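Have a look at the structure below, then the notes.
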Amino acid sequence: MSFAWRWVLPAGLVLVALAAWLAVAAERWRREALARFGDPAVLARGSALPSGRRTAALWTLRLAGLAFGLLALARPQLGERSADLVRTGRDVLMLLDLSRSMLVTDAGGTRLAAAKRVAWDLAERSPGDRVGLVVFGGSAFLQLPLTSDRGALRLFLQQATPDDLGDPATDLSAALITAVRTFEHEGDEGRRAVVVLSDGESGEGDMDNAEGELRREDLPVFAVGVGTAAGGPVPADSSEAPEKYHRNHIGQIVISRLEEGDLQAAARASRGAFAHWDRPDEMRRLEAGLDAVRPRVLSARHASERADRFQWPLAVAVMLLILGEVVGHGADGRAGTRVRERTERALASLLLAIAAASLGSCSAASRGERLYHEGKYGEAYGVFHAAQSSDTSPRLAFDAGSALYRLERYEEAAEQFRTAARDPGLRQRSLFNLGNSMVRAAEEKPGSPDPLYRAAEAFEGALLRDPHDQDAKWNLEIALRRLGDDRTSGGSSGRGRNADYGQGNMNVPGYEGNPDAAVGAMAGGGFGSAEGESVEELTPEEARRLLEAVQRQQLTSHEGRRNKQSNKGDRDW
């Protein structure tokens with residue numbers, strides 16, 4: 001036995017001792033007051049005053065209840081329980097302008113230094129996020145892929161200079177399209193963002209095309225304008241240049257100013273935000289917008305922790321206090337009536353406590369579902385798992401299985417769905433989800449047919465209860481075909497993608513596209529230029545073979561068949 005909050009024990013001991021002293025003092029003062037009022041023997045025969053023995057028992061029960069309550073407050077722990085350490089965060093791509101104009105010194109130093117400080121401050125605000133770095137000038141490229149390593153980000157930010165780029169011009173559209181191409185391979189829609197740090201002087205590229213790409217990908221841009229409207233002279237290309245500042249073709253010193261137009265347009269088109277680097281109110285609004293981007297589960301792992309047992313002393317404390325109320329202050333005459341009244345109140349309190357415990361279980365389920373809707377699957381499972389210690393209902397098991405499925409812990413999810421299948425009202429959906437869990441488990445154990453056998457059995461069970469379930473039919477076909485072909489590398493989405501990640505009661509729409517399903521390199525799919533490569537024309541025979549390969553791929557990939565029917569209301573993923 002150990003205690004999480006050990007400091008409560010000595011403080012509680014002092015508090016109990018003080019309460020005992022006050023109880024003794026109060027009883028002594030009461031007796032002295034009665035003695036001044038009249039003869040105690042006469043008062044005892046003609047009133048309902050409690051006896052000394054009953055009063056001592058009452059105070060003993062109250063003090064013991066206080067002691068056990070403080071013991072519960074110290075959080076006693078005994079044994080261990082499994083815990084889930086889940087890390088959630090967003091995917092944020094920093095776009096850092098390295099054009100020559102970023103060396104202008106109108107930002108309390110160079111604009112580039114100010115932009116680096118802002119980028120680092122934004123990254124430090126959310127340590128759970130994955131952050132990547134794209135540097136751009138006249139061209140753009142991914143300097144640092146999305147990572148949780150803040151040390152790597154800081155190193156790349158410190159080392160970034162205009163010398164890294166051969167073209168000193170500025171093409172903001174190229175940087176934005178590079179971010180779009182990067183997120184085609186990373187992140188989930190609605191859980192990613194782009195932060196642009198630039199002076200906005202972009203005289204090249206196609207911003208209309210870039211804004212269209214951002215809207216199509218639902219990728220918000222949070223733009224930070226660095227510099228001033230007054231501007232400053234652009235430094236020469238190197239320290240060895242004959243003059244300190246850069247001159248244009250007619251010999252005039254080039255003055256660079258903050259240009260907000262393209263930055264604001266990109267933020268507005270993508271439902272993001274724009275802020276000046278030196279205006280705290282605007283930066284706070286930008287940070288609030290960035291915080292509004294929903295996080296996702298980045299990693300989850302098993303761990304063990306000490307199991308809390310505060311419920312035991314807390315239950316003893318409650319029972320002692322109730323018993324103290326039952327004991328009352330006497331047993332005869334009016335005192336007996338008082339005992340009955342106190343007994344009734346104590347029983348009512350006990351019933352209220354039981355009702356509160358039941359409501360607490362319902363509240364836990366509601367809180368878990370809210371966390372699930374917010375994409376906090378690890379926290380949702382923690383709530384469901386804790387509630388299962390006092391509530392073994394199939395509905396709670398179904399919810400816990402749904403959260404485990406989202407955490408990609410398929411075999412554990414399958415166990416929960418087996419429990420949920422005992423409820424006739426949940427049996428069909430639980431069997432369907434059980435089948436999907438087994439298909440996913442088979443992907444993690446290539447060459448083992450047992451999960452696929454169990455998946456096929458689950459889908460058959462789901463079809464026995466709902467012969468019209470087209471998703472179950474399609475996924476059963478997938479499982480059987482994989483068993484026949486001994487191929488366990490794909491998944492099944494079901495028709496209309498309703499079954500892309502199982503079936504549940506949380507009513508969360510399935511992904512429109514799964515990056516795991518991408519096959520090969522698509523034209524324009526690189527991380528740099530947005531133009532892509534041209535595709536050679538196919539002969540009729542090559543086209544026929546390609547179509548056959550696509551049909552076979554549909555049976556073994558995450559894509560599945562698509563239709564134009566809307567998803568059922570009870571589908572989850």
Side-chain angles (χ1 to χ4, degrees), residues 89-99 101-137 140 150 153-154 157 160 170-176 178-180 183 190-202 205 207 210-211 214-215 217-232 256-295:
R90 308 163 189 84
D91 292 319
V92 180
L93 205 54
M94 301 280 186
L95 275 56
L96 181 63
D97 188 350
L98 294 183
S99 61
S101 60
M102 291 295 287
L103 296 178
V104 174
T105 57
D106 62 345
T110 65
R111 297 174 181 174
L112 182 58
K116 290 179 179 181
R117 287 195 300 271
V118 173
W120 179 250
D121 290 342
L122 290 175
E124 281 289 275
R125 288 184 66 258
S126 302
D129 293 349
R130 293 198 309 167
V131 182
L133 179 64
V134 170
V135 294
F136 70 96
R150 290 295 185 271
L153 175 65
R154 191 180 190 92
L157 281 175
T170 308
D171 185 357
L172 178 60
S173 65
L176 294 173
T178 299
V180 171
F183 278 125
R191 306 174 190 275
R192 53 195 183 175
V194 173
V195 175
V196 180
L197 303 114
S198 171
D199 56 19
E201 285 195 333
S202 178
M207 284 299 296
E211 291 170 10
L214 293 170
R215 284 191 294 268
E217 292 294 325
D218 192 20
L219 190 59
V221 172
F222 298 90
V224 180
V226 185
T228 63
S256 172
R257 297 176 175 83
L258 172 62
E259 300 289 345
E260 305 173 5
D262 287 343
L263 295 175
Q264 289 184 342
R268 186 169 52 251
S270 61
R271 297 194 300 276
F274 171 80
H276 293 83
W277 67 279
D278 58 345
R279 298 182 185 177
D281 292 342
E282 293 183 7
M283 286 300 300
R284 280 194 291 270
R285 285 196 294 270
L286 183 141
E287 291 167 358
L290 191 58
D291 291 340
V293 177
R294 293 180 300 162

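Being a predicted model, the structure only gives us computed values, none of them experimental.
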So which atom in [X] and which in [Y] form the shortest heavy-atom distance, rounded to 0.1 Å?
X: A115; Y: M102; answer: CB-CE, 3.9 Å
X: D106; Y: G231; answer: OD2-CA, 3.5 Å
X: L112; Y: D97; answer: CD1-O, 3.7 Å
X: L153; Y: A123; answer: CD2-CB, 3.6 Å
X: R257; Y: A230; answer: NE-O, 3.5 Å
X: D129; Y: G89; answer: OD1-CA, 3.5 Å

What donor-acceptor contacts under 3.5 angstrom involve side-chain atoms of residues 218-227, with partners at least two apart or in another chain?
residue: D218; atom: OD1; partner: R271; partner atom: NH2; Å: 3.0

Item to check | Residues which pass ring-ring contact (aromatic ring centres under 6.0 Å, His included) with F274, listed by chain and number, not counting sequence neighbours | outcome: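 Here the qualifying residues are H276.
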
Rounded to the nearest 0.5 Å, how far apart are [atom1] of [X] and [atom2] of [Y]?
X: S198; Y: D262; atom1: OG; atom2: CG; answer: 9.0 Å
X: L95; Y: T178; atom1: CG; atom2: OG1; answer: 7.5 Å
X: R215; Y: E211; atom1: CZ; atom2: CD; answer: 6.0 Å
X: D199; Y: E260; atom1: CG; atom2: CD; answer: 11.5 Å
X: L286; Y: R279; atom1: CG; atom2: CZ; answer: 13.5 Å
X: R192; Y: L93; atom1: CZ; atom2: CG; answer: 10.5 Å

Can you find a heavy atom in the side chain of [X] that is under 4.5 Å from one in the side chain of [Y]?
X: V196; Y: L176; result: yes
X: L122; Y: M94; result: yes
X: L133; Y: V131; result: no

Item to check | Electrostatic pair R191-D91, nearest N-O below 4.0 angstrom | outcome: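 No, R191 and D91 are not salt-bridged.
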
Next on the checklist: Tell me which pairs pass salt bridge (Lys or Arg N to Asp or Glu O under 4.0 Å) where either residue lies in residues 117-126, with sequence neighbours left out.
Outcome noted: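 Salt bridge (Lys or Arg N to Asp or Glu O under 4.0 Å) check on residues 117-126 returns R125-E287, R125-D291.
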
Item to check | Chi angles and distances behind the side chain to side chain donor-acceptor pair (under 3.5 Å) call for S256, E201 | outcome: CA-CA 8 Å; S256 172; E201 285 195 333; 2.8 Å; yes

Checklist outcome for this item: The single option from L98, L172, D171 that satisfies side chain to side chain contact (heavy atoms under 4.5 Å, CB included) with F136 is L172

